[in-house]
Protein chains: 2
Amino acid sequence: MDINQIIDTIYPLTTNSKNLLKESIIKTKLPKGHVLFKANEIESTMYFIKKGIVRAYAYSDDNQITFWFGKEGSPIVSMQSYVNNQKGYEEVELLEDCELYALKTDKLQQLYLKDFQIANWGRKFAEFELIKSEERLISLQFNTATERYLALLKNYPSILQRVQLAHIASYLGITQVSLSRIRANLK
Amino acid sequence: MDINQIIDTIYPLTTNSKNLLKESIIKTKLPKGHVLFKANEIESTMYFIKKGIVRAYAYSDDNQITFWFGKEGSPIVSMQSYVNNQKGYEEVELLEDCELYALKTDKLQQLYLKDFQIANWGRKFAEFELIKSEERLISLQFNTATERYLALLKNYPSILQRVQLAHIASYLGITQVSLSRIRANLK
DNA sequence: GAAACTATTTAACAAATGATAAAAAAGAAA
DNA sequence: TTTCTTTTTTATCATTTGTTAAATAGTTTC
């Protein structure tokens with residue numbers, strides 16, 4: 001997905017502001033398995049996914065628990081770093097070879113204080129992420145594991161081809177054994 | 001909690017911008033039991049809580065499931081209305097007599113496009129709500145019901161004195177019977 | 001293709017939670 | 001206080017999910 005489309009979907013900018021923003025964005029390629037963010041670090045870069053799929057996870061005891069998947073068009077941000085300049089708890093791993101757009105967050109913060117349009121773009125960015133977060137929260141709190149699994153397949157049919165079931169299970173808040181059982185019962 | 005403090009905690013504004021924002025804010029009192037937001041409506045007002053406590057809930061079949069508590073200083077917003085001008089799924093009920101600051105969201109949207117400071121204020125507002133939503137999501141996905149109950153008590157010790165256990169149970173994602181059992185086991 | 005490795009499923013039992021009903025406790029009203 | 005109502009707890013049994021271990025299926029490497 002092209003960077004122009006990604007930017008405009010969030011909030012359409014005038015040519016001037018858009019160029020200002022794009023000046024700070026660099027395209028990069030990184031291989032499958034690369035760990036983009038590490039836990040307990042302040043991340044200075046955010047990304048948008050041009051091509052590929054990634055997961056964010058955190059450790060609970062020794063277990064990795066996946067709590068987010070990103071695909072084409074998704075932003076990759078460590079929210080604690082982005083918002084509060086503090087260490088985050090999450091790690092982000094590339095599940096496929098990826099093409100990413102990289103953006104230094106300190107540059108973005110400067111633009112927020114300099115450019116009116118970009119400030120509103122940043123507002124809409126946070127608002128849309130908030131909507132997504134709320135939807136996921138409601139789904140975790142209201143629906144059973146089976147319902148969440150079916151909803152995930154509906155919203156993202158190709159995920160089974162792209163992501164291991166172990167990651168999907170922890171994303172759903174259950175063990176892999178439980179997911180296997182759920183899948184067996186659906187047949 | 002005073003409106004100046006609420007505004008400044010989100011993002012400190014210059015006197016000018018702050019007055020502009022405060023011009024659109026009206027103080028109101030509403031009684032315990034009042035339903036502030038109804039499901040399937042576009043809400044045109046957002047609030048900040050000066051005094052009191054409220055809950056947001058949605059229906060799952062015939063059951064009300066509480067997914068958020070607001071207390072002094074909290075904003076009350078129907079996110080779907082606020083962000084997308086669409087109907088929300090939530091209802092908001094006052095659990096105590098409340099003093100609220102009311103703000104018409106269309107006025108706020110106008111200010112976002114007119115005042116640079118207020119645009120950045122709105123950005124920080126969404127960012128902080130996003131941080132809170134992510135924290136809650138992680139807690140639902142990573143922790144057991146017992147852990148979530150203990151964390152709630154720690155973060156909000158007076159909640160037991162102010163909110164019925166039935167609301168707390170559904171907030172934790174369990175039945176009231178389960179919560180009773182957890183409380184009994186902790187003794 | 002065989003061996004080695006990884007991912008997924010199945011099995012068996014334990015622990016946690018749900019559902020329903022009833023009892024007990026707490027609070028409100030007469 | 002006494003009664004009535006609401007809230008919370010307890011008890012019982014069903015269902016779901018967790019844990020551990022083993023079996024099967026799928027991939028990669030030589």
Side-chain angles (χ1 to χ4, degrees), chain A residues 31-35 53-55 57-67 69 93-97 139-153 157-187, chain B residues 31-33 53 55 57-67 69 93-97 139-153 156-187:
Chain A
K32 174 174 176 171
H34 181 82
V35 176
I53 187 169
V54 311
R55 71 180 180 110
Y57 58 92
Y59 282 92
S60 176
D61 303 317
D62 280 346
N63 304 316
Q64 292 182 355
I65 299 183
T66 298
F67 62 89
F69 293 112
E93 178 196 9
L94 309 190
L95 300 176
E96 298 174 351
D97 292 345
S139 132
L140 265 181
Q141 191 173 352
F142 283 57
N143 302 130
T144 63
T146 304
E147 289 167 342
R148 295 200 298 276
Y149 173 69
L150 292 172
L152 179 64
L153 288 194
S158 66
I159 195 168
L160 285 186
Q161 279 75 55
R162 300 179 80 180
V163 177
Q164 291 181 15
L165 287 176
H167 297 331
I168 293 176
S170 77
Y171 176 84
L172 294 172
I174 55 179
T175 60
Q176 177 164 7
V177 174
S178 249
L179 178 55
S180 248
R181 210 155 23 191
I182 286 170
R183 284 159 56 87
N185 283 334
L186 290 174
K187 279 173 196 164
Chain B
K32 174 174 175 170
I53 186 169
R55 71 180 180 110
Y57 58 93
Y59 282 93
S60 175
D61 303 317
D62 280 346
N63 305 316
Q64 292 181 357
I65 299 184
T66 298
F67 61 90
F69 293 112
E93 178 197 7
L94 308 190
L95 299 177
E96 298 174 352
D97 293 343
S139 130
L140 264 180
Q141 191 174 352
F142 283 58
N143 302 130
T144 63
T146 304
E147 289 167 340
R148 295 200 298 276
Y149 174 69
L150 292 172
L152 179 65
L153 289 195
Y156 194 174
S158 66
I159 195 169
L160 285 186
Q161 280 74 56
R162 300 178 80 179
V163 177
Q164 290 181 14
L165 287 176
H167 297 331
I168 293 176
S170 78
Y171 175 84
L172 295 173
I174 54 179
T175 60
Q176 177 166 6
V177 174
S178 248
L179 178 56
S180 248
R181 208 155 23 190
I182 285 170
R183 284 160 54 87
N185 283 333
L186 289 175
K187 277 172 200 163

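Since we're looking at a predicted model, the values are computed, not measured. Chain letters run A, B, ... following the sequence lines, proteins first, then strands; residues in each count from 1.
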Tell me if a side-chain donor or acceptor on [X] pairs with a main-chain N or O of [Y] at a distance below 3.5 Å.
| X | Y | value |
| --- | --- | --- |
| A:Thr175 | A:Ser178 | yes |
| A:Thr144 | A:Glu147 | yes |
| B:Asp97 | B:Lys32 | yes |

Atom-pair distance ([atom1] on [X]; [atom2] on [N]), nearest Å:
| X | N | atom1 | atom2 | value |
| --- | --- | --- | --- | --- |
| A:Leu186 | C:dT8 | CG | P | 16 Å |
| B:Gln161 | D:dT7 | CD | C1' | 15 Å |
| A:Leu179 | D:dT16 | CG | P | 15 Å |
| A:Ile174 | D:dT19 | CD1 | P | 12 Å |
| A:Leu160 | C:dT8 | CG | C1' | 12 Å |
| A:Asn185 | D:dT17 | CG | C1' | 12 Å |
| A:Glu147 | D:dT17 | CD | P | 10 Å |
| A:Tyr149 | D:dT16 | OH | C1' | 18 Å |

Among the candidates [options], find the nucleotide nearest to the side-chain atoms of [X].
| X | options | answer |
| --- | --- | --- |
| B:Leu165 | D:dT8, C:dT9, C:dA19 | D:dT8 |
| A:Gln164 | D:dT19, C:dT17, C:dA7 | C:dA7 |
| B:Val177 | C:dT20, C:dT10, D:dG18 | C:dT20 |

Seminar exercise, completed: One would report the end-axis bend of the helix from C:dG1-D:dC30 to C:dA30-D:dT1, five pairs per end and rounded to 10 degrees, as 40°
Using every non-hydrogen atom in the two residues, find where [X] and [Y] come nearest and quote the distance to one decimal.
| X | Y | result |
| --- | --- | --- |
| B:Leu172 | A:Gln141 | N-NE2, 4.4 Å |
| B:Thr66 | B:Ser170 | N-OG, 2.8 Å |
| A:Gly33 | A:Glu93 | O-CG, 4.1 Å |

Exercise. So what does B:Arg181 hit on the nucleic acid, given a heavy-atom distance under 4.0 Å: a base, only sugar-phosphate, or nothing?
Worked result: base
Exercise. With sugar-phosphate meaning primed atoms plus P, OP1 and OP2, does B:Ser180 contact a base, only sugar-phosphate, or nothing at under 4.0 Å between heavy atoms?
Worked result: base
Exercise. According to a strict under-4.0 Å criterion, is B:Gln176 in side-chain N/O contact with OP1 or OP2 of D:dT7?
Worked result: no
Exercise. Just one of A:Phe67, A:Tyr149, A:Phe69 clears the ring-ring contact (aromatic ring centres under 6.0 Å, His included) bar with A:Tyr171, so which one?
Worked result: A:Phe69
